[in-house]
Amino acid sequence: MLAPLTRAEFVIYMMNRRRRAVLVLMAAIVIASFGSHLVVSYLRMGGPAATPFVIGKSFGKPPAFLAASSIGSYGIAWDQIADDIGTEIRGWGVAGGTPIEFEQLQKKVPEARTTFIVVSTCDLDEATSCEWRSSIVPLSQAFASLEAEHADWQEMKTVLGQYLVKWLGVVFPTVGRSHVVFGMTAMRVTELIHYSSGKIEGPVLKFGKAPANDVYVAQKLSDWPRSKIITKLASRAVEFHGPHSFDGAKKQALGRMLEYANQRGPTVILVMPISDSYTHEYFPPKVTRQFETTLAQLQHSAPKTEFLRLDQVPGLTSDDNFCDVVHLNLIGRKLATEALRKWLKNPGPGRQP
Amino acid sequence: MNFTSYEFVVFFALVVLAKGCLSQFNSQKWLLLVASCIFYLTWSVPCLLLILFTAISDYAIARKMSRTSGAGARQRLLILSLTSNLGLLAFFKYANFFLENVGAAINALGGHIPSWHANIILPPAISFYTFASLSYVLDVYYERMPACESARDYALFITFFPKLLSGPIMRARELLPQFAARPTVTLEDVEAGLTYILIGAVKKLVIADHVASHVNLIFGSPTEYDGFTLLLGAVGYAIQIYCDFSGYTDIAIGCGRILGFKFPDNFKMPYSAANITEFWRRWHITLSRWFRDYLFLPLEIATRNNPSALLRVSLNMMATMLLCGLWHGASWTFVIWGGVHGAALAIHKIWSTLNPLGSLANKKGFQLLWAPFSHLLTLSVVVFALIFFRAQSIPDAMVFLHRIFTFAHDGTRLMSLYILSAAVPLVLIHLIVNKDRNLAEELPRMSLAPQITGYAGLLFLLVVLGSTDSGAFIYFQF
């Protein structure tokens, strides 16, 4: 029979147990962190929150500022617009960017005179938020915005939770990005199966000319099998954190952007189309009416701003003109760019696309 | 306050810290009671009065019962408690169900009355705490345990926040003795508790929440999908509900453990069951034993004079499971779910008793074939019943089943990667791991390398694949 431990021996044993527990905890965190960084690297999920771009040449004139998510980058050939307006266009590409993020970036180009702001039902939908928000919008500004819009507890939790996730992301960069991991993994597997060029397929921010070999923007949503469309729509649904509405923080941020821009020069809001499939799934007529109300209120509060309704160009919302559920393909891009160029050439208010 | 929400993490940390700062056990129990009330208040402010009424009234009834020697008086007190508890449950949970069905019956007989619907809120966890309180009063009545002396301890037993919303449905004689003696929280308890919480979070955030997105799509529009997709959706729901509910239970057990209290297991790899009887010994164990001890066995005793034992047992099983289905929700789909399980249990009982293949049981070839067949049959019954459990209505469930059994080709085929990628590891785990093992208890006791591997693996899954937009746990609606 073993002799009982003395008090000293028992204390030593317990200390070792505690040290062991701490060792296990630290080792698990280090290994999980390493794995998380490895996943980000392999799936190419990293990168800056905002990528600066310059399109066109300045010709000595003040630049124009462009605020657009990938919906804007896919939808318009901005190099042609830069040529038309005779000056360079500057901005930042933010994946999934919304007016909340672009409001911060707008102030980084104070010399800009003309401002283009690209919006859509998707961009202004309060049910979604940009995953880079916490990296671009200071926490103090986030608090101020929440206070200004009298946000409820759920909204506050969603916004402030992003900052917590951002800090956790230093150790675990995949935290809060599981849907991106799933999506990128599926793309990587598809790549490996089809032995493709090694580029990740999918909407990436490229302002300027569409590369000739970008097969993604050449495809048509109308050619997709129904199951693929449903899967894509479902993958967007997991990002919704509330009901679809257009009367919240994004609308208020857009209002502030318009006020700032109007003080500097001409301001244009481009309302981009979204595919019929997406609209039919998530934006019933009642929700679409709310969108129109929001635009009308913005128009009223910023009368100097010009609105170009590309979403009302006949036939442009057809699935034939989209390479996925929200991004225009080459055909759609051509139609939208032509409409914008025609509109820019007609001086004066009340011009139609 | 959801278990997987930020505010619960903060709330729980504060409770643990505050408990640690209090040296007196009585003070700790007051703290836990107040914390439990605050936890319940985050779900519903007015219903806190209801749960406290249930706790206080049953405490008083049990005390009176224990001081009363007359059988008649004790019986009257029991009836009072049963009426009060079941009456409140019936009113808050089943009043509208009753009104709708009475109205439908009158209209079916030629009447013309508008549909009745009362604006009654459903108190969170009413099904769970009512059963917990009922079991206490019944145990005191049958003298299985003495009445609780402390109103605070009893109120804490009813409202204890880790187990309040969705169980485990604990017996008073399991938890009240733990409140009587001050628990010693060791490092092993904390490790085991954190392990339970980690495993529960992985089940909920990595598996259940992701699978749910496609399951909801499929069950939302069954006519839009082909038969194979609907079958995949049903399997997906089986995965979702298991991971969601057992994940919740793991977190509840873990929180209780860290606070120094041991809860019973509620799930023991139920999808490894070889037959439906074994399934119910592994699925929602605390509920099935409640129904066994307080409904099935009393029914057996009351009908013991029935000459046909098999018929008696089968009917009592069916009655028990029908009520079990109704307990889950005020809808005929839940009743049918219970009925399917009742029928399956009765058939298994008859089969086991008659044992028609008994002569083949010792043959190795038969065993090799029978084992996978019986497992598959059990899972098929479970998945079939879950279609009713999940469907919004009986017609929806029938459409779902019709399209599966007729291999409907029209409709989209959705090869859900979420469901398939969850199903494969779950199947492998159920095939490889012994179904009586408990990883949450074993992992903290393993040697260093396997321990680090296990925790690192779970943490890796959580940070890479864990959803941060977690929905409410499924069983919160019951």
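Lettering of chains follows the sequences in order, A, B, ..., and the numbering in each one begins at 1.
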*asked:* Quick check on the interface: out of A/Val39, A/Ile31, A/Val24, who has the most heavy-atom pairs with chain B under 4.5 Å?
replied: A/Val24
*Verify salt bridge (Lys or Arg N to Asp or Glu O under 4.0 Å) between A/Arg17 and B/Glu188, making sure each step is shown before the conclusion.*
CA-CA 9 Å; A/Arg17 184 91 173 83; B/Glu188 284 84 357; 3.1 Å; yes
*Taking the side chain as every heavy atom from C-beta outward, state whether B/Leu420 and B/Leu232 have any atom pair closer than 4.5 Å.*
yes
*Distance-only donor-acceptor check, side chains A/Ser70 and A/His327, under 3.5 Å*: yes
*For the residue pair B/Arg403 and B/Leu231, establish whether any side-chain heavy-atom pair is separated by less than 4.5 Å.*
no
*Heavy-atom proximity to chain B below 4.5 Å, by part of A/Phe182*: side chain
*Name the orientation class of the two ring planes belonging to A/Phe240 and A/His244 (parallel below 30°, tilted from 30 to 60°, perpendicular beyond 60°).*
perpendicular
_How long is the straight-line distance from CG of B/Leu458 back to CG of B/Leu194, given to the nearest 0.5 Å?_
12.0 Å
_Please classify the contact of B/Tyr455 with chain A as side chain, backbone, both or neither, using a heavy-atom distance under 4.5 Å._
both
*Parallel, tilted or perpendicular: which fits the ring planes of A/Tyr278 and A/Phe283, with parallel below 30° and perpendicular above 60°?*
tilted
*asked:* I need the contact set between residues 214-226 of chain B and chain A: heavy-atom distance under 4.5 Å, sorted by residue number.
replied: B/His214, B/Leu217, B/Glu224, B/Tyr225
*Would you say the side-chain atoms of B/Asp189 and B/Thr186 include a donor-acceptor pair closer than 3.5 Å?*
yes
_Can you tell me how far apart CG (A/Asp123) and CD (A/Glu101) are? Round to the nearest 0.5 Å._
10.0 Å
*asked:* So for A/Leu164, is it side chain, backbone, both, or neither that comes closer than 4.5 Å to the heavy atoms of chain B?
replied: side chain
*Return the option, out of A/Val30, A/Val171, A/Val181, with the maximum number of heavy-atom pairs under 4.5 Å with chain B.*
A/Val181
*Does a side chain donor of either A/Tyr282 or A/Asp125 reach within less than 3.5 Å of an acceptor in the other side chain?*
no
*Where do B/Tyr196 and B/Gly254 come nearest, in terms of heavy atoms and distance?*
CB-CA, 3.6 Å
*Can you pull out the residues in residues 172-179 of chain A with any heavy atom less than 4.5 Å from chain B?*
A/Phe172, A/Thr174, A/Val175, A/Gly176, A/Ser178
_Top contributor to chain A contacts, counting heavy-atom pairs under 4.5 Å, from B/Ile452, B/Val464, B/Leu414, B/Leu459_ = B/Val464
*Could you have a look at B/Ser5, B/Gly457, B/Ala456 and say which one has the most heavy-atom pairs with chain A under 4.5 angstrom?*
B/Ala456
*Is it true that B/Lys204 and B/Asp250 make a salt bridge, defined as a side-chain N closer than 4.0 Å to a carboxylate O?*
no
*Hey, would you say the B/Phe161 and B/Phe11 ring centroids sit under 6.0 Å apart?*
yes
